[in-house]
Amino acid sequence: MQHAIDWHQVLLRLLDRRPTKSPFCFKQIHALFLTTGLALHSYPFSRLLSLSSLPHLFSSLDGNHSCYSYSLLLCSPRPPSAFLINTLTSSLASSGHHHLALSLYSLLSINPTIRNYPNPHTYPSLLKACSTSSHLLPLGLALHARLIKLLFIPLDPFVVTSLLILHSRRDRIDACRSLFDQIPCPDLPAWNAVLSCYARRSDDSFFAAAEVLFLFQELQLSPSPAIPNEISLVALVGACGELATLSLGTWAHAYIQRRKSLVVNRFVGASLIDMYSKCGCLNLAFQVFDNLLHTEKDTFCYNAMMRGLATHGHGHGVLSLFEGMRREGIQPDDVTLLLVMSGCSHSGLLEEGRRCFERMAGEFGILPKLEHYGCLVDILGRAGRLEEAHEVLRKMPVKPNAVLFRSLLAACRVYRSLHFGETSIVKLMQLKPLYAGNYVLLSNIYADVGRWDDAVRVRKAMKERDIDKSPGLSLVEIDGTFHEFSTGHHTHPQAKEIYAMLDRISRRFHECGPIPLK
DNA sequence: ATAGGGTTAG
């Protein structure tokens, strides 16, 4: 007996250290588990299982991995308990083996001899696996149906939260909300899930952003001990950016700074940079960027800052930040290169933009996507290289979309030459025959080059097809006051109500006075 | 006793 207890401790220690080295060590320890009988003990065995899917131990490319991971459980000396199955499921799911986790479930959930399986602990990791890859979403719905059938009701907060995430990936915001509303006393992860769900722009970003502000206030007023953390703040700051409300954005920033427990990590940093850029305060965005901890400045943060610079037309700023990024050894991604190119495009940096495109595949190992080709067409077109732009459109390996044709045509208009644009007109009208912008662009082009008959013809066609162009406004006046909220939202069917709500919320945010130091 | 949910643009 003394002997067995020694093994117990020795092996658990081993498990803490050795298996991180190689699959061979891990298998040796598994063998020892079997020979010493330790595999009969639930706790040590669960430690073995939860380590069994570590990516650096067994890569997903290793064809034997699934067999091995399964054999640990299914060939163990005893039939597996619900606890052990759940351990392996979460281990598989959290290391990206989504299909394996799900097939383990489908293999065992129909087996009536396993007591208490499946149970509520089974579902969160499975639902999470379904939420992360779009082709598994239908399976997630099937799991939801199964949960209802099994009547684990009321569903516990873990299950509800993971269901909420699942439905948010399907843009079913109403489903998310009704799930959230059924949690009697939501904890922080539940609050964060619903906040992020609204913050992740769906089809109705204006309303959703207003809802984030509303929910954040509910969270602050809620009797539950949920204290907002970085994740909550990412949602809040994102919503302020979406609405371009600087006053609320700075309120959120002040909240972060005064709460000692909150740190500006890369998530919060990127959201602040984005928010300040969208509010037109590039200097404040830069301040946040500069104050970010060295270790937190990743590709995403650089991209956020570069996006701010690019949209404000600072092409040279984008380029120098890109150089800084390379100096720091931060790997650019496809978005980075797109931002560099779009910065060049808006600042007329023809050569720099073209060079960036040419270096993409070779130097950075990133294949140009449709957007990169679009940017290249834009760069060439703005520089008056209509023939070259046309060549890119003709020869590109990806099928060009309407945006690319419009981009070339816009350049044709600026340079008053339709020579390389005629084929684009045909393509564009085939692709988007109902888009008002196309007709306006076309008739303007014809007018600019003096082809008045064609201009009239286009306008007539637009009228005949009953295509209407909604006017663009930038300042919104409601009941005699101008609102600072971002453009475009006033066309929202509930604009008036939402603005009124935002006003109320905004006032309440500021009425709470100085944010308590905690 | 040991198993489960929350954060990155256009």
Side-chain angles (χ1 to χ4, degrees), chain A residues 12 41-50 73 80-94 101 105 116-132 147 152 155-166 168 176 179-180 183 186-197 199-201 205 212 219 226 228-238 241-242 262-275 277-278 296 298-308 310-311 333-336 338-339 342 369-371 374-375 403:
Chain A
L12 277 177
H41 296 267
S42 185
Y43 175 63
F45 195 57
S46 77
R47 301 271 300 114
L48 192 71
L49 280 176
S50 66
L73 181 72
S81 62
F83 169 76
L84 289 174
I85 302 167
N86 288 343
T87 305
L88 182 58
T89 306
S90 88
S91 162
L92 288 169
S94 63
Y105 170 79
N116 194 27
Y117 183 83
N119 63 32
H121 284 271
T122 310
Y123 290 93
S125 43
L126 290 176
L127 289 166
K128 188 181 167 189
C130 294
S131 310
T132 40
L147 277 163
F152 288 134
L155 296 171
D156 73 51
F158 282 77
V159 175
V160 179
T161 304
S162 34
L163 280 174
L164 203 157
I165 304 293
L166 176 83
S168 85
C176 295
L179 280 163
F180 179 74
I183 309 177
D187 57 4
L188 190 58
W191 276 109
N192 285 343
V194 75
L195 282 169
S196 318
C197 159
R200 178 192 334 283
R201 277 207 294 291
S205 59
V212 170
L219 163 58
N229 69 355
E230 285 82 0
I231 300 173
S232 338
L233 265 299
V234 167
L236 180 69
V237 174
E242 181 60 42
L262 291 173
V263 291
V264 182
N265 61 21
R266 56 187 186 281
F267 297 101
V268 178
S271 71
L272 284 170
I273 292 168
D274 191 55
M275 180 274 292
S277 304
K278 282 176 177 158
E296 291 292 332
D298 63 349
T299 306
F300 205 92
C301 295
Y302 270 94
N303 285 357
M305 195 59 242
M306 285 165 75
R307 190 178 323 106
T311 49
D333 64 4
D334 56 333
V335 179
T336 313
L338 186 65
L339 290 167
S342 103
K369 292 184 184 170
L370 179 66
E371 294 91 332
C375 225
V403 179

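In what follows, chains carry the letters A, B, and so on, assigned in the order in which the sequence lines appear, proteins first and then strands, with residues in each chain numbered from 1.
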Between the base of [N] and the side chain of [X], is there a donor-acceptor distance below 3.5 Å?
{"X": "A:Asn192", "N": "B:dG5", "value": "no"}
{"X": "A:Ser162", "N": "B:dG5", "value": "no"}
{"X": "A:Asn119", "N": "B:dG4", "value": "no"}
{"X": "A:Asp187", "N": "B:dG5", "value": "yes"}

Mind checking [X] for me? I need base, sugar-phosphate or nothing, with any heavy atom below 4.0 Å counting as a touch.
{"X": "A:Ser42", "result": "base"}
{"X": "A:Val159", "result": "base"}
{"X": "A:Ala190", "result": "base"}
{"X": "A:Leu338", "result": "base"}
{"X": "A:Val335", "result": "base"}
{"X": "A:Leu126", "result": "nothing"}

How close or far is atom [atom2] of [N] from atom [atom1] of [X], stated in whole angstroms?
{"X": "A:Arg47", "N": "B:dA1", "atom1": "CZ", "atom2": "P", "answer": "18 Å"}
{"X": "A:Tyr123", "N": "B:dG4", "atom1": "OH", "atom2": "C1'", "answer": "12 Å"}
{"X": "A:Leu272", "N": "B:dT7", "atom1": "CG", "atom2": "P", "answer": "18 Å"}
{"X": "A:Leu92", "N": "B:dA3", "atom1": "CG", "atom2": "C1'", "answer": "13 Å"}
{"X": "A:Asn86", "N": "B:dA3", "atom1": "CG", "atom2": "C1'", "answer": "5 Å"}
{"X": "A:His41", "N": "B:dA3", "atom1": "NE2", "atom2": "C1'", "answer": "19 Å"}
{"X": "A:Ile183", "N": "B:dG4", "atom1": "CD1", "atom2": "P", "answer": "18 Å"}
{"X": "A:Leu195", "N": "B:dG6", "atom1": "CG", "atom2": "P", "answer": "14 Å"}

Closest to the [X] side chain: [options]?
{"X": "A:Tyr43", "options": "B:dG6, B:dA1, B:dT7", "result": "B:dA1"}
{"X": "A:Phe267", "options": "B:dT7, B:dG4, B:dA3", "result": "B:dT7"}
{"X": "A:Ser46", "options": "B:dT2, B:dT7, B:dG4", "result": "B:dT2"}
{"X": "A:Lys128", "options": "B:dA3, B:dG6, B:dT7", "result": "B:dG6"}
{"X": "A:Ser90", "options": "B:dA3, B:dG5, B:dT7", "result": "B:dA3"}
{"X": "A:Val234", "options": "B:dT7, B:dG5, B:dA3", "result": "B:dT7"}

Just checking, any donor-acceptor pair under 3.5 angstrom between side chains of A:Thr336 and A:Asp333?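 Side chains of A:Thr336 and A:Asp333: pair found under 3.5 Å.
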
Is it true that the side chains of A:Asn229 and A:Ser232 contain a donor and an acceptor less than 3.5 Å apart?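 Yes, side-chain donor-acceptor contact under 3.5 Å.
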
Using every non-hydrogen atom in the two residues, find where A:Leu188 and A:Pro228 come nearest and quote the distance to one decimal.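 A:Leu188 and A:Pro228 have their closest heavy atoms at CD1-CA, 4.1 Å.
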
Within-4.5 Å side-chain heavy-atom neighbours: A:Leu73 and A:Ile85: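 Sidechains of A:Ile85 and A:Leu73: in contact.
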
First locate atom CE of A:Met305, then atom CG of A:Asp274, and finally report the distance between them rounded to the nearest 0.5 Å.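 One gets 10.5 Å once the value is rounded to the nearest 0.5 Å.
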
Taking the six-membered ring for Trp and the single ring otherwise, decide whether the centroids of A:Tyr123 and A:Tyr105 are under 6.0 Å apart.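 Ring centroids of A:Tyr123 and A:Tyr105 are less than 6.0 Å from each other.
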
Could you tell me whether the side-chain ring of A:Phe83 sits stacked on the base of B:dA3, using a centroid cut-off under 5.5 Å and a plane angle under 30°?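 By the stated criterion, A:Phe83 and B:dA3 do not stack.
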
